K.L.:
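Got a structure for you, written out below as C-alpha cells; questions coming shortly.
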Amino acid sequence: MDVRPRPPPSATKPSYVAARELVKLLYPNSSLKASDSLPLPLYLTTGLFFALFFSIAYFLLQHWRIKIRNSTPLHVVMLQEVAVILSLIASVIDLIRFYGVRFVKPFTLRGGSSDDWTMHEDAMAVSEELMVAEDSRSTPFASAFQSFSPQAYEIIKPSLPPLPTKPARLIPPPLLNEDDENIVNSVISGTTPRYSLESKLGDCKRAVAIRRAALQRTTGKSLEGLPIEGFDYDLILGQREYMVPMATTEGCLVASMNRGCKAIYASGGATATVLRDGMTRAPVVRFTTAARAAELKLFLEEPGNFQTLAVVFNRSSRFARLQGIKCAVAGKNLYVRFSCSTGDAMGMNMVSKGVQNVLEFLQQDFPDMDVIAISGNLCADKKSAAVNWMGGRGKSVVCEAVIKEGVVRKVLKTSVAVLVELNVLKNLAGSAMAGTVGGFNAHASNIVSAIFIATGQDPAQNVESSHCITMMEAVNDGRDLHISVTMPSIEVGTVGGGTQLASQSACLNLLGVRGGSRDSPGSNSRLLATIVAGAVLAGELSLMSSLATGQLVNSHMKYNRSGKDVTKVVS
C-alpha cells in the first residue's frame with residue numbers, strides 16, 4: 001500500500017491532517033475522523049474542562065473548610081455537593097483520557113453504526129497517538145512515529161519507512177550493570193546470601209548498592225533519600241544485614257540485634273499488641289486558696305462535664321480526641337493531666353493546643369485561676385516517672401515470642417533454664433534492689449535510641465520510651481522459652497518533626513509506616529511502636545544470652561574495638 005505525500009509545511013495543524021490521511025489509507029471506505037468523537041473542537045473542549053475542574057476543586061475546598069470549622073462530618077453531603085462531585089469526576093476523566101476522546105466517542109459518534117466504529121477502533125487509536133506525538137514535537141511529522149506503542153506500529157508499518165532500530169530516547173539508563181543485575185537476582189532467589197556480598201565482591205559500596213536494590217524489589221518500598229555516599233563501609237565489613245533501621249556507633253549492638261532477630265524468626269516470629277494510645281500534657285494552675293483548687297478538681301473530674309470539655313479540646317485538630325483528665329492538688333496548686341489520641345503524630349504540639357483551648361474556656365468560670373505553665377511536669381515528658389510507668393504515655397505495647405529449645409541451644413548458645421534464672425536475678429530482683437522506675441530490663445534503651453534516631457523521633461523521649469519489664473519463663477514442659485517485653489510509654493510518630501528528613505523518611509518507608517494513614521489515622525504510628533517493641537525483644541534475648549554464656553566482654557572487644565585511626569577517615 002502506497003503512502004500519500006505529506007501535506008505542505010504551510011498546511012494548518014499537520015498532525016490532524018496526517019491522522020485523517022492515515023485512517024483513510026487504512027480504511028478507504030470509512031468516513032470517520034478523530035474529531036467526530038467530540039461535539040466541539042478540541043481546544044474549546046479542553047478549555048471548558050480545565051475551567052470546570054479548577055472551579056469545582058476551589059468550590060469543594062472552600063465548602064469542606066467551612067464544614068470542618070463547624071465540626072460537620074465530611075461524609076454528610078447534600079444534593080448540590082453530589083452534583084459538583086460528579087462534575088469533578090467527569091472533568092478528571094476527560095483530562096486523563098486525552099480530552100475525553102476515547103471515553104466519550106462511543107456515545108457521541110456521529111455517522112456510522114456501532115459495528116462500523118468497532119471495525120475502525122484500532123485506526124482511531126493510532127490517529128490519537130499521532131496527534132499526541134506530533135503536538136508534543138516541533139520536528140517533522142515522520143518523527144512522531146518514533147513514540148508509537150508496538151500495537152499501533154504493527155497496524156501502520158506496511159505504509160511507513162523503516163524506524164530506527166534502536167531509538168535511544170526509549171531506553172532508560174540502567175541503574176545497575178548486567179553483572180550487578182545478575183547478582184541482585186541471585187540475592188532475591190536466595191542463591192547468594194546478602195551478608196556475604198562484601199566478602200565475595202571485595203567492594204563494600206557495590207555490595208551495599210546491590211543489597212539495597214534487592215531489598216527494594218522484594219519489599220516494594222523505595223529507599224530514595226537514604227544516603228549511600230560518604231561512609232567508610234570497611235568499618236562494618238563482615239556484619240550481616242538487618243531489617244530494622246538503627247542509628248548507632250556500637251557495632252556489637254547491631255550484631256546482637258541480628259542474632260536476636262534470627263532466633264525469633266526461626267521460632268515463628270513475635271506477636272505485639274497495642275494496649276493503649278494517648279499522649280499527655282499537664283499544666284499547673286494556682287488559686288488563692290486550696291479550697292478553690294479542689295473545686296476546679298471536682299469540676300474537671302465530674303463525668304457530666306467531660307463531653308463539654310472534649311468538644312472544646314477537640315477543636316485544636318482533626319485528629320486530637322480527648323480521652324481523660326486526672327488532677328492532683330498540691331496546696332493552692334492544681335496539676336491537670338490531659339490525655340488524648342493524636343493520630344499518626346507523636347502529638348506533643350497537638351495536645352498542648354487542646355490544653356490551651358480548655359484553659360481559656362475554664363477561665364470564664366474560674367477567673368481567679370492563674371495559669372503558671374502549660375507543663376507542670378506531671379505529664380511527664382523526657383523524665384523517668386512512675387506516672388508514665390503506671391498510667392502510660394504515648395503507645396503502651398506488649399510483645400511476646402516463644403523461642404524453641406533447639407534455637408536457644410544452637411543460635412543463642414545457652415539453655416532455657418539458665419535464661420529464666422538470670423532474668424529473675426538480674427532484670428527483676430537486681431532492678432528492684434536498685435530502686436529503678438521502669439528499668440526492669442537488660443538494655444531496652446539501647447535499641448529504642450538507635451531506632452528513634454534512624455526514624456526521626458525525639459531522642460530525648462528515649463527516657464520514658466525505654467520503660468520496659470522483661471519476663472521469661474519455661475513453657476511446653478520446660479523445653480521452650482516464653483519471653484515478653486511490656487513497654488507502657490513508647491512515644492513515636494510517623495508525621496512531623498524529624499520524620500520529614502530524607503534519611504529518616506526513607507527508613508520509615510522501608511518499614512511501611514511513612515506519613516499518616518488515610519484509611520485508619522494512627523495505625524502507622526501504632527505499627528511503628530510495635531516494631532520498636534519487637535526490636536527490644538530481640539535485643540533483650542540476645543544480650544541475656546551473651547551474659548548467660550559469659551561472652552559479653554569478648555563480643556565487645558571483637559566488634560567495638562579497632563586499630564584503625566578513625567580521625568583519618570575521609571568521608
Side-chain angles (χ1 to χ4, degrees), residues 194-195 204-205 208-209 211-212 214-216 218-219 221-233 235-236 239-262 264 270 272 344-346 382 394-395 397 399 443-466 468 485 487 489-516 524-540 542-543 559-560 571:
R194 302 185 184 194
Y195 62 82
C204 293
K205 184 177 178 180
V208 171
R211 187 181 294 110
R212 289 188 181 184
L215 187 60
Q216 289 185 98
T218 55
T219 63
K221 305 295 183 181
S222 172
L223 293 179
E224 183 179 358
L226 189 63
I228 194 173
E229 303 288 346
F231 298 102
D232 187 351
Y233 291 102
L235 290 176
I236 56 170
Q239 303 304 306
R240 290 184 287 178
E241 179 193 7
Y242 52 93
M243 297 299 295
V244 178
M246 301 173 65
T248 178
T249 57
E250 187 178 358
C252 191
L253 177 62
V254 177
S256 179
M257 276 289 298
N258 186 79
R259 182 173 72 156
C261 290
K262 179 179 180 181
I264 294 173
D344 284 306
M346 183 270 287
K382 302 178 178 66
K395 278 71 174 172
V397 182
C399 184
H443 70 149
S445 178
N446 246 342
I447 293 90
V448 173
S449 295
I451 299 178
F452 268 31
I453 296 174
T455 58
Q457 311 305 311
D458 188 342
Q461 289 184 325
N462 162 71
V463 178
E464 63 268 37
S465 296
S466 297
C468 171
V485 293
M487 307 179 69
S489 51
I490 302 178
E491 299 167 353
V492 293
T494 58
V495 296
T499 65
Q500 303 174 77
L501 299 175
S503 298
Q504 283 74 6
S505 179
C507 290
L508 289 171
N509 189 56
L510 173 63
L511 296 173
V513 297
R514 182 175 65 181
N524 281 354
S525 60
R526 288 191 291 269
L527 178 56
L528 179 58
T530 62
I531 293 173
V532 173
V536 170
L537 184 74
E540 292 288 279
S542 184
L543 177 58
Y559 293 105
N560 282 0
S571 62

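The structure displayed is predicted, hence computed values, not measured ones.
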K.L.:
Where is the tightest heavy-atom contact between S503 and P227, given as atom of each residue plus distance?
P.N.:
OG-CD, 2.8 Å

K.L.:
Determine yes or no for a side-chain-to-main-chain donor-acceptor pair under 3.5 angstrom, with S489 supplying the side chain and E464 the backbone.
P.N.:
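Yes, the answer is positive, given that a donor and an acceptor are paired below the 3.5 Å cut-off.
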
K.L.:
Looking at L253, is its backbone amide N or carbonyl O close enough to the side chain of N446 to form a donor-acceptor pair, meaning the two atoms are under 3.5 Å apart?
P.N.:
no

K.L.:
Counting distance only, does the side-chain N/O of S256 pair as donor-acceptor with the main-chain N or O of S542 below 3.5 Å?
P.N.:
no

K.L.:
Output yes when a side-chain donor or acceptor of Q504 lies under 3.5 Å from a complementary backbone atom of I453, and no otherwise.
P.N.:
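Flag set: sc Q504 to bb I453 pair under 3.5 Å.
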
K.L.:
Flag the pair L537 / E540 as yes when at least one side-chain heavy-atom distance between them is below 4.5 Å, and no otherwise.
P.N.:
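The answer is no; the side chains never approach within 4.5 Å.
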
K.L.:
Can Q457 and L528 be said to form a side chain to side chain contact (heavy atoms under 4.5 Å, CB included), step by step?
P.N.:
CA-CA 11 Å; Q457 311 305 311; L528 179 58; 3.6 Å; yes

K.L.:
Applying side-chain contact (heavy atoms from CB on, under 4.5 Å), name anything that partners A345, two or more places apart in sequence or on another chain.
P.N.:
M350, V495

K.L.:
Any idea which heavy atoms bring A535 and I447 closest together, and the distance?
P.N.:
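Distance-wise, the nearest heavy atoms are CB-CG2, 3.6 Å.
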
K.L.:
Looking only at heavy atoms, what is the nearest atom pair of N524 and G516, with distance?
P.N.:
ND2-C, 3.7 Å

K.L.:
Provide the closest heavy-atom pair for V397 versus A272 in the form atom of the first, atom of the second, distance.
P.N.:
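Minimum heavy-atom contact is CG1-CB, 4.3 Å.
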
K.L.:
I'd like to know if the side chain of R514 and the backbone of L508 have a donor-acceptor N/O pair within less than 3.5 Å.
P.N.:
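Not a single qualifying donor-acceptor pair exists.
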
K.L.:
So, the side chain of H443 versus the backbone of G539: is there a donor-acceptor pair under 3.5 Å, distance only?
P.N.:
yes

K.L.:
What are the two closest heavy atoms between C261 and A538, and how far apart are they?
P.N.:
N-CB, 3.6 Å

K.L.:
Taking atom types as modelled, find out whether N509 and S222 have a side-chain donor-acceptor pair closer than 3.5 angstrom.
P.N.:
no

K.L.:
Indicate the atoms forming the closest heavy-atom contact of A533 with C399, along with that distance.
P.N.:
CB-CB, 4.0 Å

K.L.:
For the CE atom of M257 and the CD1 atom of I451, what is their distance to the nearest 0.5 Å?
P.N.:
5.5 Å

K.L.:
Apply side-chain contact (heavy atoms from CB on, under 4.5 Å) to A209 and list each qualifying residue two or more places apart in sequence or on a separate chain.
P.N.:
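Listed in chain order: I228.
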
K.L.:
When you measure from the side chain of R212 to the backbone of L226, do you find a donor-acceptor pair of N or O atoms at a distance under 3.5 Å?
P.N.:
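Yes.
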
K.L.:
Within a strict 4.5 Å, meaning less than it, do heavy atoms of the S505 and T499 side chains meet?
P.N.:
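Of all side-chain heavy-atom pairs linking T499 with S505, none is under 4.5 Å.
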
K.L.:
Give the intermediate values and the outcome of side chain to side chain contact (heavy atoms under 4.5 Å, CB included) for residues T248 and S449.
P.N.:
CA-CA 8 Å; T248 178; S449 295; over 6 Å; no

K.L.:
Out of curiosity, F452 CZ to E491 CD, how far, rounded to the nearest 0.5 Å?
P.N.:
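Interatomic distance, F452 CZ to E491 CD, rounded to 0.5 Å: 7.0 Å.
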
K.L.:
Under 4.5 Å between any side-chain heavy atoms of K395 and S525, yes or no?
P.N.:
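Side-chain contact under 4.5 Å: yes.
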
K.L.:
Output yes when K382 and D458 qualify as a salt bridge under the 4.0 Å nitrogen-oxygen rule, no when they do not.
P.N.:
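Between D458 and K382 there is a salt bridge, with a charged N closer than 4.0 Å to a carboxylate O.
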
K.L.:
Mark yes or no for whether Q216, through its side chain, and A214, through its backbone, hold a donor-acceptor pair below 3.5 Å.
P.N.:
no

K.L.:
Please name all residues satisfying salt bridge (charged side-chain N to carboxylate O under 4.0 Å, His left out) with K221, sequence neighbours left out, ordered by chain then number.
P.N.:
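With neighbours one apart ignored, the set is empty.
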
K.L.:
Kindly say whether V463 contributes a backbone atom to a donor-acceptor pair with the side chain of S466 at under 3.5 angstrom?
P.N.:
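No: the side chain of S466 does not pair with the backbone of V463.
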
K.L.:
Measuring from S465:OG to I490:CD1, what's the distance to the nearest 0.5 Å?
P.N.:
7.0 Å

